[in-house]
Protein chains: 2
Amino acid sequence: MSVAVSGDGLPRQHARRTSISEATVARLPVYLRVLAGFADGGIATVSSEQLAVAAGVGPAKLRKDLSHLGSYGTRGVGYDVDYLIYQISRVLGLTQHYSVVIVGVGNLGHALAGYAGFGTRGFRVAALVDADPARVGETIAGLEVQHVDELETIVKEHEVSIGVIATPASAAQDVCDRLVACGVTSVLNFAPVVLNVPEQVDVRKVDLSIELQILAFHEQRKSLSAQAAR
Amino acid sequence: MSVAVSGDGLPRQHARRTSISEATVARLPVYLRVLAGFADGGIATVSSEQLAVAAGVGPAKLRKDLSHLGSYGTRGVGYDVDYLIYQISRVLGLTQHYSVVIVGVGNLGHALAGYAGFGTRGFRVAALVDADPARVGETIAGLEVQHVDELETIVKEHEVSIGVIATPASAAQDVCDRLVACGVTSVLNFAPVVLNVPEQVDVRKVDLSIELQILAFHEQRKSLSAQAAR
DNA sequence: GACCGTTTGTGAACTCGTGCACAAAGCGGT
DNA sequence: ACCGCTTTGTGCACGAGTTCACAAACGGTC
């Protein structure tokens, strides 16, 4: 596998040596979690078959995914669990540390602040902020809630790279703009709006309402086909 | 279990005659929300261009998506907002009512119970259950928390069709099995595990940890390419 | 060292989703 | 009734992602 030779002098911002597709990147964290489970169970080696079953994908897809980040398996044997964990962590960038700021400390913000997933694997919640003065000063999960006016200061001081938006829909775009303005380039959005951001900023959205509606569609499809079969 | 394992090359594709692709279905709720905003603003007609911008997709993709559910636009004019809302709602199955049970009333369960998105558009939270006896009896968002042992009774009585799993990872598969056993065919999973379910059951997962790790990957990619440009 | 069963890594075919470009279709003005 | 402007719906080409199938590679055994 050769490293991409950039012959174009054009300063295109992405599509450089990505070579790892978005679909693969979305699955790597799953593999990582499954592997961590194997490691805890004292298993030193896994085959693509075992890993695939545990991760809920096909063995071929799994092997192709892993092949995109190098040849780290041993033919006839499988993959060394610890080594694979290290490699995936490295590719995902989890060997670095990322500071996260959570904006909006409503029901959801509370839950997020207490979520253990943030603490693990290189993520650290640097601050919690809210626009409601009544909430400022409250301590949640060992952090004191600060006012949203402090946002710029906080981002600069803690070198925040990831912003989590857990505000009402009406405030989300404004908060997002402010985050982007002070240099945040990754946003995780829980508000039910489509955020408008410059090209270099990555936004991932988590939207319960949408998930429910997708499930509703399939529910209807199933009940319709059951009816048709009658 | 019944999940395809080694050898059998049977593709577990659950689509029978879905003339609407999964990718399109995932976008329809977004269109619906944007359209609702237009309707609130008193706008009666929108072009694919306007809708596309507001929904964050390309105009061609939007038109193709809408064409999959019929020809509901008028050439030279655009789409009637109210009529399109009705048609998308119908296709998504939102004209029916769905009962939801939320399992696990920790931080996240609390937030979900209070989430307004459940109340709207045909979804009703029928019950909240938890395994912790200390939590049983507590009232959240107007609902009394019941013990998880009541799960089967609740599902039968309220004709629950959608189960939301907000338990710790260790309990998720067990809860899921019980939901499936009493007839639930759609599951929204917040626990960080890969659920094993029979073919006819749809599972959608929401996983904060995975989203963060995907963002981390892109953060790293951006910082690396910035370094290379130097 | 050669053989054997196992498992990886990957070319190749195939499916699915996206973007382009344009003809068909409607509306309003003359 | 015609013309010109606007916008939809869609055929087509392209690219991304998935699955298949198999040769190459490896450890263990004789």
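Every chain is numbered from 1 and lettered A, B, ... according to where its sequence line falls, protein lines coming before strand lines.
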Distance in angstrom units between [X] [atom1] and [N] [atom2], rounded:
{"X": "B:Q87", "N": "D:dG9", "atom1": "CD", "atom2": "C1'", "result": "16 Å"}
{"X": "B:D80", "N": "D:dT8", "atom1": "CG", "atom2": "C1'", "result": "15 Å"}
{"X": "A:H68", "N": "C:dG9", "atom1": "NE2", "atom2": "P", "result": "12 Å"}
{"X": "B:E22", "N": "D:dT18", "atom1": "CD", "atom2": "P", "result": "14 Å"}
{"X": "B:D65", "N": "D:dG9", "atom1": "CG", "atom2": "C1'", "result": "13 Å"}
{"X": "A:R63", "N": "D:dA25", "atom1": "CZ", "atom2": "C1'", "result": "14 Å"}
{"X": "A:L62", "N": "D:dT19", "atom1": "CG", "atom2": "P", "result": "12 Å"}

_Pairing donors with acceptors under 3.5 angstrom, does anything connect the side chains of B:D202 and B:S186?_
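No.
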
_Base of D:dG9, side chain of B:K64 - is there a donor-acceptor contact under 3.5 Å?_
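Flag unset: no donor-acceptor pair detected.
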
*So does B:R75 reach the base of D:dT7 with its side chain, donor to acceptor, closer than 3.5 Å?*
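Between D:dT7 and B:R75, which were checked side chain against base, a qualifying N/O pair under 3.5 Å is absent.
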
*D:dT19 phosphate, OP1 or OP2: any side-chain N/O from A:K61 under 4.0 angstrom?*
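So the side-chain polar atoms of A:K61 do come within 4.0 Å of the phosphate oxygens OP1 or OP2 of D:dT19, strictly under.
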
*So, is B:Y72 close to the D:dT7 phosphate, meaning a side-chain N or O under 4.0 Å from OP1 or OP2?*
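Result: no.
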
_Heavy-atom donor-acceptor pair, B:E49 side chain to B:P59 backbone, under 3.5 Å_ =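 Side chain of B:E49 to backbone of B:P59: no pair is present.
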
_B:S48 side chain vs B:R63 backbone, donor-acceptor pair below 3.5 Å_ =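 Here the side-chain-to-backbone pair does not exist.
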
Among [options], find the nucleotide with the atom closest to the side chain of [X].
{"X": "B:S71", "options": "C:dT8, C:dG17, D:dG9", "result": "D:dG9"}
{"X": "A:R27", "options": "D:dG27, D:dT18, C:dG9", "result": "D:dT18"}
{"X": "B:T74", "options": "C:dG26, C:dT10, D:dG9", "result": "C:dG26"}

*Taking the side chain as every heavy atom from C-beta outward, state whether A:V25 and A:L92 have any pair of such atoms under 4.5 Å apart.*
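Answer yes - side chains close enough.
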
*Please tell me if the side chains of A:R33 and B:V194 come closer than 4.5 Å, counting only heavy atoms from C-beta onward.*
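Not in contact.
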
*Reckon A:G73 touches a base, only the sugar-phosphate, or nothing at all at heavy-atom distances under 4.0 Å?*
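Result for A:G73 = sugar-phosphate.
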
*Starting from the 5' end of DNA chain D, give me the residue, B:S48 or A:T24, whose nearest nucleotide shows up first.*
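Taking each residue's closest nucleotide, the earlier one in sequence belongs to B:S48.
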
